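Scroll down for the structure; my scribbles are underneath it.
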Amino acid sequence: MTMKDWQSELESLSAVEAARRLLGCELERELDGHKVRVRIVETEAYDQTDAASHSFNGQTPRTDVMFGHAGHLYVYFTYGMHYCCNVVVGEPGYGAAALLRAVEPIENEAIMQRRRQKSGTELSNGPAKLCQALDIDKRMNGHDLSQSPLQLIMRPTLAQADIVVTQRIGISREKERLWRFYIRGNSYVSKK
DNA sequence: TGCCTGATGTTCT
DNA sequence: GAACATCAGGCAC
C-alpha cells in the first residue's frame, strides 16, 4: 500500500488539527455511475484521551480502524438506525479521528436528493444525513480514501477567520472541549 | 420555535 | 439493562 502525501500529512496531525484541516476539503463519491462531489463544512475531533471518543476505552473490534492508518474511513452505527463517518488521523496505534458532521453538495446533487428524498440543506446537514446521501454504511468501514469509489480531495487550509470553534454536539461527556469546527456562514452546518 | 418521543442495533457495564 | 458522536415527525405554544 502506497501512502499519498496528504495521508502522511493527516498522520502527522492531532485530531483537532486534522478536524480544522479537513474543512473546505472535498469528497468524491461514485454513485449510480455518476461522480457526486461535496465539500466538508463541519467536523468534530475525537481522540483516545477523550472520554467521548470510541477509542477512549482502547482498541476493540469496533474501534480497530480508528487505531489504523490515517486517511482511512471509520464508519460506525448508532442509535439503532444511523451511520456516521470519520476520517482516521494521527499515527497508527493512536486512536484519533475527525467526525464529518456536514457537507455541501458541489456536483450531482440530484443523486443525493434521490437517496434522501429531501432537498436543500436537509440533504446533508448532519452526520447521519450525509452518510445516507452518499451511501456510506458499514461496508465502507476501513475504506482507503485515496481509492475509488470514495476519495478525499485536499484543498488549501482555510484562514483562521473563516472557521468557527464551538463545543461538540450530541455527547454527554467532555462537553467542555472546544472540538467542533465549521465554516463560518455556511448554510449546511448542522443546527444548534 | 421548541420540546418530546419513537425507531432500532451494537457495545459496554 | 443502559447508553448511544441521530433524525424525523407530532403537537403545544
Side-chain angles (χ1 to χ4, degrees), chain A residues 10 13-23 25 27 38 40-68 70-90 94-105 112-143 145 150 152 163-183 186-192:
Chain A
L10 290 182
L13 299 180
S14 68
V16 166
E17 291 166 339
R20 303 182 68 113
R21 179 69 186 88
L22 288 170
L23 290 178
C25 296
L27 289 172
V38 299
I40 299 168
V41 301
E42 178 181 351
T43 60
E44 284 178 0
Y46 288 89
D47 85 7
Q48 63 182 43
T49 67
D50 161 25
S53 171
H54 294 167
S55 58
F56 184 69
N57 292 313
Q59 197 165 353
T60 67
R62 178 206 200 186
T63 61
D64 222 25
V65 173
M66 260 188 101
F67 290 85
H72 288 235
L73 197 68
Y74 168 50
V75 182
Y76 65 89
F77 188 69
T78 192
Y79 291 104
M81 34 183 7
H82 298 296
Y83 292 97
C84 298
C85 68
N86 303 244
V87 177
V88 175
V89 304
Y94 188 82
L99 170 69
L100 305 184
R101 281 200 60 90
V103 300
E104 168 184 35
M112 297 170 66
Q113 288 178 3
R114 198 176 314 148
R115 288 195 49 78
R116 288 274 301 144
Q117 300 290 78
K118 303 263 180 193
S119 62
T121 59
E122 284 298 315
L123 277 182
S124 52
N125 63 345
K129 297 179 186 179
L130 74 90
C131 282
Q132 187 187 5
L134 296 176
D135 194 22
I136 293 171
D137 63 23
K138 151 156 112 199
R139 299 185 315 251
M140 297 290 282
N141 189 35
H143 174 72
L145 289 169
L150 178 63
L152 178 62
I163 299 177
V164 180
V165 183
T166 74
Q167 297 185 145
R168 291 173 294 182
I169 292 181
I171 57 171
S172 54
R173 304 154 81 175
E174 309 267 5
K175 283 185 176 170
E176 65 286 354
R177 294 192 190 217
L178 299 175
W179 280 18
R180 171 170 173 252
F181 308 93
Y182 63 86
I183 298 180
N186 189 283
S187 59
Y188 283 82
V189 169
S190 61
K191 313 289 180 224
K192 186 179 169 189

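The sequence lines fix the lettering, A, B, ..., with proteins before strands; numbering per chain opens at 1. Given the structure is predicted, the values throughout are model-derived calculations rather than measurements.
First and last contacts of DNA chain B with chain A, using any nucleotide atom under 4.0 Å from a protein heavy atom and ordered 5' to 3', fall at B/dA7 to B/dC12.
Using a 4.0 Å cut-off, some side-chain N or O of A/Arg116 falls inside it from OP1 or OP2 of C/dA8. Residue A/Arg173 places none of its side-chain N or O atoms closer than 4.0 Å to OP1 or OP2 of C/dA3.
As judged by a 4.0 angstrom heavy-atom cut-off over every strand, A/Ala128 is placed among residues touching the sugar-phosphate backbone only. Contacts of A/Tyr46 with the nucleic acid, taken as non-hydrogen atoms under 4.0 Å apart, include base atoms.
At whole-Å resolution of the value, CG in A/Asn57 and P in C/dC4 are 12 Å apart. Atom OH of A/Tyr76 is separated from atom P of C/dA3 by 18 Å (rounded to the nearest Å). In this structure, CZ of A/Phe77 is placed 13 Å from P of C/dC7, rounded to the nearest angstrom.
You'll find that the side chain of A/Lys118 is closest to C/dA8, out of C/dC7, C/dC4, C/dA8. The side chain of A/Glu122 has C/dA8 as its nearest neighbour among C/dA5, C/dA8, C/dT6.
At least one side-chain heavy atom of A/His54 sits less than 4.5 Å from a side-chain heavy atom of A/Met66.
Each of A/Thr43, A/Ile171, A/Thr166 was scored for a side chain to side chain contact (heavy atoms under 4.5 Å, CB included) with A/Arg180, with one residue passing: A/Thr166.
The structure places SG of A/Cys25 at 6.0 Å from CD1 of A/Ile40, a figure rounded to the nearest 0.5 Å.
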